[in-house]
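Being a predicted model, the structure only gives us computed values, none of them experimental.
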Amino acid sequence: MKKYISLLKRTKLFSGVGDDDILSMLNCLNAAVREYNKGEYAFRQGEYIRNLMILAEGRLHIQKEDYWGNLNILNEIRPGEMFGEAYIVPNSGTLMNDVIATETSTVLFFDMERILTVCPSACPFHTQLIKNMFYTISDKNKSLVQKLSYMSERSTREKLLSYLSDEAKRQNSSSFSIPFNRQQLADFLSVDRSAMSNELCKLRDESMLDFHKSEFTLYEVQK
C-alpha cells in the first residue's frame, strides 16, 4: 500500500493528512488492493457494497444496460476519485449499476464502517477524514447535477455543445481531450451514435469546432 501514499495524499478524501498519518490510517481502515483487467466487471448490478473505493490506476465506467442491451454510461471514474459512497447508508440496498474497467485498473478498498466510526486509538486525522468524505460527496453531487443538465437538453446538438463547453471550461483550454470514444460519448449523452456523428460533422462544417478521435478544439462564433 505504501506505493499509493502519494496518490492518496492528492485525493480529496485524504486532503490535509500527512504521509505517516495516511500510512497508519490504512491499517485502521482495513485497506485492501485489487486489480481488474480491461473489460472485467469490478461490480455488477444487484451486488452489495460494504466498502468505499478509490481508483488508484486505470479507468472505470459506471454504466447501466437495459433488458434490450441499450447501454448508458453514467460516469467515468478517474485515478484518485472515490466511488461507492452512495451506499454508506445502512439498508441502502444493492448496487443499481455495473462498474467495469475500461483499461487495466487498480482499486483501493476501505472499510466503510471504520471510516464512519472513530477508532479506539483516536487517530488525530480521523475526524478530518470524515469531513473530507462528505465534502467529496457534495462535489460528486454537483457532477451529477451537471450530467443531468446535459440530459435535460432537448437535442443531440445541444447535449454535445453543453458537454464540450463544460469540458473546455474544466480543462481551461479551447483544445482538449475527452475520456470517451464515439460510442462511449453517445452512451454518456444517451443519444444515437450516428445522429451524434452527423451533428459533430455539421458543427465542424459551421466552423464551431474541430475534432480528431477524442481530441476537440472549440472556436468562437463569428458575429
Side-chain angles (χ1 to χ4, degrees), residues 11-12 41-45 53-55 58-87 95-103 105 134-223:
T11 65
K12 294 179 180 179
Y41 284 83
F43 299 99
R44 289 183 180 271
Q45 181 180 357
M53 283 80 69
I54 290 179
L55 180 62
R59 299 272 175 161
L60 299 174
H61 278 177
I62 298 179
Q63 59 189 44
K64 189 167 188 176
E65 187 174 356
D66 67 17
Y67 182 83
W68 297 274
N70 299 308
L71 186 67
N72 183 14
I73 298 176
L74 305 176
N75 195 15
E76 181 188 60
I77 306 299
R78 306 176 189 184
E81 292 185 346
M82 178 181 83
F83 64 103
E85 72 285 347
Y87 298 88
L95 189 65
M96 299 175 64
N97 309 298
D98 296 322
V99 181
I100 189 169
T102 59
E103 56 187 74
S105 302
F134 284 100
Y135 293 155
T136 304
I137 291 173
S138 176
D139 287 342
K140 295 196 73 173
N141 284 340
K142 292 177 184 177
S143 297
L144 177 60
V145 171
Q146 188 177 46
K147 170 70 184 292
L148 290 174
S149 73
Y150 306 147
M151 299 299 96
S152 67
E153 298 291 351
R154 293 181 179 274
S155 68
T156 297
R157 179 189 182 96
E158 291 171 337
K159 289 180 180 180
L160 274 169
L161 291 176
S162 178
Y163 169 71
L164 294 174
S165 174
D166 280 350
E167 280 298 300
K169 292 177 182 177
R170 187 181 68 82
Q171 299 186 42
N172 196 30
S173 175
S174 59
S175 296
F176 53 90
S177 62
I178 65 172
F180 304 121
N181 60 33
R182 287 290 179 273
Q183 185 59 59
Q184 291 170 342
L185 179 58
D187 292 337
F188 178 73
L189 296 175
S190 296
V191 298
D192 178 76
R193 177 180 175 175
S194 296
M196 184 192 73
S197 295
N198 288 336
E199 286 298 334
L200 284 173
C201 290
K202 289 178 182 178
L203 290 167
R204 181 177 57 191
D205 293 342
E206 295 170 17
S207 298
M208 293 188 66
L209 56 78
D210 199 3
F211 58 87
H212 177 68
K213 295 184 177 179
S214 295
E215 303 291 328
F216 284 81
T217 297
L218 304 187
Y219 302 123
E220 293 185 8
V221 178
Q222 299 298 320
K223 296 183 180 179

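- Evaluation of the salt bridge (charged side-chain N to carboxylate O under 4.0 Å, His left out) rule for E81 yields no partner, not counting sequence neighbours.
- The number of heavy atoms from other shown groups lying within 6.0 Å of NZ (K147) is above 12.
- For D166, the side chain to side chain donor-acceptor pair (under 3.5 Å) partners two or more places apart in sequence, or in a different chain, are Q146, Y150.
- The neighbour count for R154 CZ, taken as heavy atoms of other residues, nucleotides or ligands under 6.0 Å away, does not exceed 12.
- Closest approach of V99 and F83 over heavy atoms only: CG1-CE1, 4.4 Å.
- Taking 4.5 Å as the limit, every side-chain heavy atom of T136 sits out of range of all side-chain heavy atoms of E85.
- Rounded to the nearest 0.5 Å, atoms CE (M96) and CD (Q45) are 8.0 Å apart.
- Within the model, atoms CG of L161 and CE of M208 stand 5.0 Å from one another, a figure rounded to the nearest 0.5 Å.
- The nearest pair of heavy atoms linking R44 to D98 is CA-OD1, 3.3 Å.
- At distances below 3.5 Å, not a single donor-acceptor pair connects side-chain atoms of T11 with backbone N or O atoms of G80.
- Using a 4.5 Å heavy-atom cutoff, the side chains of F180 and E76 are in contact.
- Atom CD in E167 sits 10.5 Å away from atom OG in S162 (nearest 0.5 Å).
- Interatomic distance, CG of L60 versus CG of L55, reported as 4.5 Å (0.5 Å rounding).
- A side-chain N or O of S190 and one of N72 form a donor-acceptor pair less than 3.5 Å apart.
- Across all non-hydrogen atoms, the minimal contact from R157 to E199 is CB-OE1, 3.4 Å.
- Contact of the L160 side chain with the L189 side chain is registered, since non-hydrogen atoms from C-beta on lie closer than 4.5 Å.
- Looking only at side-chain heavy atoms (C-beta outward), D139 and K12 come within less than 4.5 Å of each other.
- Environment of CG in D66: crowded, with over 12 heavy atoms of neighbouring residues, nucleotides or ligands closer than 6.0 Å.
- For the pair N97 and I62, the tightest heavy-atom approach, listed with the atom from each and the gap, is CB-CG2, 3.9 Å.
- With values rounded to the nearest 0.5 angstrom, I178 atom CD1 is found 9.5 Å from Q171 atom CD.
- Minimum interatomic distance between L200 and F211 (heavy atoms only, all atoms of both residues): O-CE2, 3.4 Å.
- In Y219, the OH atom is crowded: over 12 heavy atoms of neighbouring residues, nucleotides or ligands sit closer than 6.0 Å.
- A donor-acceptor pair under 3.5 Å links the side-chain atoms of S197 to the main chain of R193, judged by distance alone.
- Closest approach of A101 and S105 over heavy atoms only: CB-OG, 3.8 Å.
- Within the 3.5 Å criterion, the main-chain N or O of R59 finds no donor-acceptor partner in the side chain of R78.
- For the pair K169 and F176, the cation-pi criterion (under 6.0 Å, within 45° of the ring axis) is not fulfilled.
- Here the CG-OG distance, from L209 to S174, works out to 11.5 Å after rounding to the nearest 0.5 Å.
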